[in-house]
A.B. asks: 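Mind having a look at this structure? Questions to follow.
Along the sequence shown, residues carry numbers from 1. Just follow the structure's listing: the first ligand is 1, and inside any ligand the first atom is 1.
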Amino acid sequence: MTSAHVGAMSSSTCFPSLPRLLRPSFTKTKSSPKFSMSMSKDPVREWILSDGKATEITKISPVGGGCINLASRYDTDAGSFFVKTNRSIGPSMFEAEALGLGAMYETGTIRVPKPYKVGPLPTGGSFIIMEFIQFGASRGYQSDLGRKLAEMHKAGKSSKGFGFDVDNTIGSTPQVNTWSSDWVQFYGEHRLGYQLKLALDQYGDRTIYDKGQRLVKSMAPLFANVVIEPCLLHGDLWSGNISSDKNGEPVILDPACYYTF
Ligand code: ADP
C-alpha cells in the first residue's frame, strides 16, 4: 500500500451516478414468466432470484464509499445482498476479489463478506454478488481488529509458497502474484521491483529506480537466518476497507490477497 494510494482513495467522494440498470427502485419484482425475459438480461437479478433463493427483490439502493465500482444493496425476501458492478472491466478483477474474500472467509477468523457469484454483464463489464453486512456506527476497536487480523495471518496457510492463484489489483494498479517458493525473490521481483518499474515508466526517475534495485539485490542476506513462512494477507488494508458490523466486530473488505511473509 502506498501513501499515494491511501491519499487517492481516502477522499471517498468518487461515487458516480448509477446507470439505469442499478438506479434505486422501490418496485417489487416477482419471479414470473413475464419477468424471465428481462431476467436473462440482468444476471444479477437472475442469480438472486435462483441460487440466491429469493422470490422477490423489494428494493435496490445505491451504496456510496467505493472508488472503483458501482455498489448497490439488493433487499429481497431472502435477505439482503451486496452487489458491485463495473461497466468496463471484465470478470477477472471481481474473480480475484472473490477468491481473496473466499480465502479470508475460509480461515473462520475475522469477519469478511462471503462471496457468492461473479460474472460478465451482457452490456460489457462485470458484477460480483456477496453477503450484505450491516455496518455499525464506528470502525470498532482497533485492538480487536489487530487480534483478528493476527488470527487470520496464522490460520491462512499456503502449500504453494508465496503468491496467489490469480493476479489482482490494489486500487486499480495491477499486482503480480506469480507463485514462488522463495519470499525474497517474490518480494524483490513482484513487489519492490514491479513498483520501481511502474515508477520508472511513469516518472522516468532512474536514480530512485537504481537505488531501489540495489535494495532488491541486497535483501537476501538480511533474511539469511529468518524462518519465512507464507501467510495470508488482505493486501490492501487501508481505512476505507475496514469497518465493523452491528455487533462491533471488525470487518475487512475489498482485498488484494496473497500469501507472503
Ligand atoms: P470499490 O471496489 O469501488 O472500492 P468497496 O468494495 O470499497 O468498493 O465497496 C464500496 C462501499 O460499499 C464500502 O465503502 C462499504 O461502505 C460498502 N460495502 C462494501 N462491501 C459491503 C458489504 N459486503 N456489505 C455492505 N456494504 C458493503
A.B. asks: Please list, in number order, the atoms of ligand 1 under 4.0 Å from a heavy atom of Asp254.
C.D. replies: 1 (P), 2 (O), 4 (O), 5 (P), 6 (O), 7 (O)
A.B. asks: Flag Glu97 as yes when one of its N or O atoms lies below 3.5 Å from any N or O atom of ligand 1, and as no otherwise.
C.D. replies: no
A.B. asks: Using a strict cut-off of 4.0 Å, indicate which atoms of ligand 1 neighbour a heavy atom of Asn69.
C.D. replies: 1 (P), 2 (O), 3 (O)
A.B. asks: Going by the order shown, which atoms of ligand 1 are within less than 4.0 Å of some heavy atom of Val63?
C.D. replies: 12 (O), 17 (C)
A.B. asks: Below 4.0 angstrom from a heavy atom of Phe132, which ligand 1 atoms are there? Numbered from 1 as shown, please.
C.D. replies: 24 (N), 25 (C)
A.B. asks: What I want to find out is whether Lys197 reaches Asp201 closely enough, with some N-O distance under 4.0 Å, to be called a salt bridge.
C.D. replies: yes
A.B. asks: Counting heavy atoms only, which part of Gln134 comes closer than 4.0 Å to ligand 1: side chain, backbone, both or neither?
C.D. replies: neither
A.B. asks: Might you confirm whether atom NZ of Lys114 has over 12 heavy atoms from other residues, nucleotides or ligands at distances under 6.0 Å?
C.D. replies: no
A.B. asks: How does Glu131 reach ligand 1, if at all, at less than 4.0 Å between non-hydrogen atoms: by side chain, backbone, both, or neither?
C.D. replies: backbone
A.B. asks: For Asn168, run the side-chain hydrogen bond (donor to acceptor under 3.5 Å, both in side chains) check against Asp236, Thr173, Asn177 and tell me which one passes.
C.D. replies: Asn177
A.B. asks: Taking the ring centre of each residue, are Trp47 and Phe127 less than 6.0 Å apart?
C.D. replies: no
A.B. asks: Out of Ser80, Ala71, Gly64, who is nearest to atom 11 (C) of ligand 1 when you count heavy atoms only?
C.D. replies: Gly64
A.B. asks: Quick one: do Glu131 and Arg111 make a salt bridge, cutoff under 4.0 Å?
C.D. replies: yes
A.B. asks: Looking only at the side chains, is there a donor atom on one of Asp75 and Ser80 sitting less than 3.5 Å from an acceptor on the other?
C.D. replies: yes
A.B. asks: Quick check: are there more than 12 heavy atoms from other residues, nucleotides or ligands sitting under 6.0 Å from OH of Tyr141?
C.D. replies: no
A.B. asks: Testing the basics here: between Gly235 and Tyr258, what is the closest heavy-atom pair and its distance to 0.1 Å?
C.D. replies: CA-CE2, 4.0 Å
A.B. asks: Of all the atoms in ligand 1, which lie at a distance below 4.0 Å from a heavy atom belonging to Leu253?
C.D. replies: 19 (C), 20 (N)
A.B. asks: Under a 4.0 angstrom heavy-atom cut-off, which atoms of ligand 1 come close to Pro113?
C.D. replies: 23 (N)
A.B. asks: At a 4.0 Å threshold, what atoms of ligand 1 neighbour a non-hydrogen atom of Lys84?
C.D. replies: 1 (P), 2 (O), 5 (P), 6 (O), 8 (O)
A.B. asks: List every atom of ligand 1 that sits less than 4.0 Å from any heavy atom of Met130, numbering the atoms from 1 in the order shown and giving each element.
C.D. replies: 23 (N)
